[in-house]
Trainee: 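Got a structure here, written out as structure tokens. Questions coming.
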There are 2 protein chains.
Amino acid sequence: MRCVADETNKRTLPTTGWAVLGLLSFGEELSGYDLKKRSDLCLRFFFSSPSFSQIYSELKRLEKAGYATSRRISHDTGTRDKRVYRITEEGSAAVREWARQAPVDPPVLKHGPMLRLWLGHLLDPAQMREVLLRQRDFAEDMRLRAAADAAQDGPAGAYPAVTLKWAERYYASERDLAAVMLDDLDDLDEFGRRDPGQSIRSPS
Amino acid sequence: MRCVADETNKRTLPTTGWAVLGLLSFGEELSGYDLKKRSDLCLRFFFSSPSFSQIYSELKRLEKAGYATSRRISHDTGTRDKRVYRITEEGSAAVREWARQAPVDPPVLKHGPMLRLWLGHLLDPAQMREVLLRQRDFAEDMRLRAAADAAQDGPAGAYPAVTLKWAERYYASERDLAAVMLDDLDDLDEFGRRDPGQSIRSPS
DNA sequence: ACTAACATGTAAAGCGTTACATGATTTA
DNA sequence: TAAATCATGTAACGCTTTACATGTTAGT
């Protein structure tokens, strides 16, 4: 039931569409390339950054819906043109309406590392540790990025800053969860795995 | 570059395919419907449960790849048949190989609530609080489910139990993060939002 | 008998990515 | 001037969901 146009040409966008419109909602005139960069910088911490091509197609859809306008920019020096987008009043109203009124859907999580640990009966301890160590390092890396972004005080406005703070805590937690699980696995090995279902350590 | 068959008919599956094969890797003979139920019960905490129809199509692909076999079961009483799947030796080897050798990709997260809070300049405080409260309640609900599943000692094997423990902690963290963010927003309101970028509370 | 819920799928459409093509700018 | 990188897109394909179709079982 997505993207049904009603008589006023309003549209229900995929969440990624709202994300792109949200990036435009600060008022700047941006190209698809710019938007991808912004997305990688700002959104990635809580919303897997969409590919270039999806950003381009979302922009076309936004323009068709009347939520954005575009214009070509010709470089004086070269010949290659580019197209930049700006949010419209309609677009501002629509994204505000979405942010205010849309139902609060649960976050979507596809946690490959956990899936593999769930299949621990197929692995040996060293391999499971390897997966967890990488996951822990990834989380710590993300945490540091979020912290760095927050520190340089670049985020435009108070709310992006608050979400960066959230991201810092989120990835700290992911890191710690991986560490705790490494301990749990150590305990499993210690008890020889002879007692499945009971052998996880006593309630922390 | 997914699903390219090499000369031995081996395939690179989408992660969801490995998840389905993983569900079969405990040795049971299961129907698509069974697998969906299992998925909702066990995998959901860390891997958004795929739809019925995707499970059915993954099963077809698994069979084609030689990773599973199926047979029809006719009910004596009624006429409606069903098809049940069982993992093959090839399938066991393949999923084990995947779990052991695949690169550790970062988890995929699409956190709608955080996206909306990032767009806080479009909302008023009451609406932001509403989003966070729902997110907090959702997380607590998930935490309770994971805890209940872990308590009833049903999980087949030690590793599913360990991942349930992980899930319990993960959703506890999500709940707490929402709560902390509610506090952060209170502080923002207190300071009158006159000082964007600085007005988040002192480092916790 | 009627309804709701359980169960088993197929078909169509939309979401999202990877691969490809192309031109401009910098750097070695 | 050659290669690498930045930049701007399009085309093809695969993943995933929603909508649809259909039969079965259990409750009322």
Side-chain angles (χ1 to χ4, degrees), chain A residues 1-5 11-20 29-40 43-44 47-65 70-85 105-106 108-110 112, chain B residues 1-5 11-20 29-40 43-44 47-65 70-85 105-106 108-110 112:
Chain A
M1 194 62 72
R2 294 312 189 77
C3 300
V4 175
R11 282 168 179 273
T12 298
L13 301 173
T15 309
T16 302
W18 295 119
V20 173
E29 192 174 44
L30 298 166
S31 70
Y33 195 88
D34 295 333
L35 285 163
K36 170 63 171 165
K37 279 189 302 186
R38 294 293 177 94
S39 177
D40 287 346
L43 262 42
R44 170 177 50 138
F47 202 86
S48 297
S49 196
S51 62
F52 276 113
S53 71
Q54 196 187 359
I55 287 179
Y56 287 122
S57 55
E58 290 299 341
L59 285 170
K60 282 180 187 165
R61 170 153 50 193
L62 291 175
E63 186 165 27
K64 202 156 143 190
S70 73
R71 64 190 180 93
R72 290 193 74 81
I73 292 187
S74 301
H75 297 276
D76 301 339
T77 149
T79 59
R80 188 89 193 253
D81 292 351
K82 74 172 178 177
R83 185 172 291 276
V84 290
Y85 291 82
D105 291 327
V108 172
L109 179 64
K110 298 224 159 185
Chain B
M1 193 62 72
R2 295 313 189 77
C3 301
V4 175
R11 282 167 179 274
T12 298
L13 301 172
T15 310
T16 302
W18 295 119
V20 172
E29 192 174 46
L30 297 166
S31 69
Y33 195 88
D34 295 333
L35 285 163
K36 171 61 171 166
K37 278 188 302 186
R38 292 291 176 97
S39 176
D40 287 347
L43 262 44
R44 171 176 48 138
F47 202 86
S48 297
S49 195
S51 63
F52 275 112
S53 72
Q54 196 186 358
I55 287 179
Y56 287 121
S57 56
E58 291 299 341
L59 284 171
K60 281 180 189 164
R61 170 154 48 194
L62 291 175
E63 187 164 28
K64 202 155 143 190
S70 73
R71 63 186 181 93
R72 292 194 72 81
I73 291 187
S74 301
H75 297 277
D76 302 337
T77 147
T79 59
R80 189 87 192 254
D81 292 350
K82 74 173 179 178
R83 185 172 291 275
V84 289
Y85 291 82
D105 292 327
V108 172
L109 178 64
K110 298 223 157 185

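Numbered from 1 within each chain, the chains take letters A, B, ... in sequence-line order.
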Trainee: List the residues meeting side chain to side chain donor-acceptor pair (under 3.5 Å) with A/Arg44, not counting sequence neighbours, and say none if there are none.
Mentor: none
Trainee: Go through the structure and list residues passing side chain to side chain donor-acceptor pair (under 3.5 Å) with A/Ser70, not counting sequence neighbours.
Mentor: A/Glu63, A/Arg83
Trainee: Would you tabulate the nitrogen or oxygen pairs shorter than 3.5 Å linking the protein to nucleotides 9-11 of chain D?
Mentor:
unit_1 : atom_1 : unit_2  : atom_2 : d
D/dG9  : OP2    : A/Arg83 : N      : 3.1
D/dT10 : OP2    : A/Lys60 : NZ     : 2.7

Trainee: Looking at residues at least two apart in the chain, or sitting in another chain, which of them share a side chain to side chain donor-acceptor pair (under 3.5 Å) with A/Lys110?
Mentor: none
Trainee: Once you round it to whole Å, what is the distance between P of D/dG14 and NZ of B/Lys64?
Mentor: 11 Å
Trainee: Return the set of residues passing side chain to side chain donor-acceptor pair (under 3.5 Å) with A/Asp34 (not counting sequence neighbours), or none when no residue passes.
Mentor: A/Ser31
Trainee: May I have the distance from B/Ile55 (atom CD1) to D/dC15 (atom P), rounded to whole angstrom?
Mentor: 15 Å
Trainee: Starting at CZ of B/Arg38 and ending at P of C/dA7, how long is that distance when rounded to a whole Å?
Mentor: 13 Å
Trainee: Distance check needed: C/dG14 C1' versus A/Gln54 CD, whole Å only.
Mentor: 11 Å
Trainee: What contact category does A/Thr16 fall into here, base, sugar-phosphate, or nothing, at under 4.0 angstrom with non-hydrogen atoms?
Mentor: sugar-phosphate
Trainee: Can you tell me the distance, in whole Å, between the CH2 atom of B/Trp18 and the C1' atom of D/dT16?
Mentor: 19 Å
Trainee: Nearest to the side chain of A/Pro50, which nucleotide is it out of C/dT17, D/dA7, C/dA7?
Mentor: C/dT17
Trainee: Look up atom CZ in B/Phe52 and atom NZ in B/Lys37, then write down how far apart they are to the nearest 0.5 Å.
Mentor: 8.5 Å
Trainee: In whole Å, I'd like the distance from the CG atom of B/Asp40 to the P atom of C/dA7.
Mentor: 13 Å
Trainee: Taking the side chain as C-beta and beyond, is there a heavy-atom pair between A/Ser49 and A/Leu43 under 4.5 Å?
Mentor: no
Trainee: Please state how far atom CG in A/Leu30 lies from atom P in D/dA7, giving the value in whole angstrom units.
Mentor: 13 Å
Trainee: Quick one: label B/Lys110 by what it contacts on the DNA or RNA (base, sugar-phosphate, nothing), any heavy atom closer than 4.0 Å.
Mentor: sugar-phosphate
Trainee: Holding to ring-ring contact (aromatic ring centres under 6.0 Å, His included), I want the full list of residues that pass it with A/Tyr56, two or more places apart in sequence or in another chain.
Mentor: none
Trainee: Rounded to whole Å, please give me the gap between OH in B/Tyr33 and C1' in C/dT10.
Mentor: 17 Å
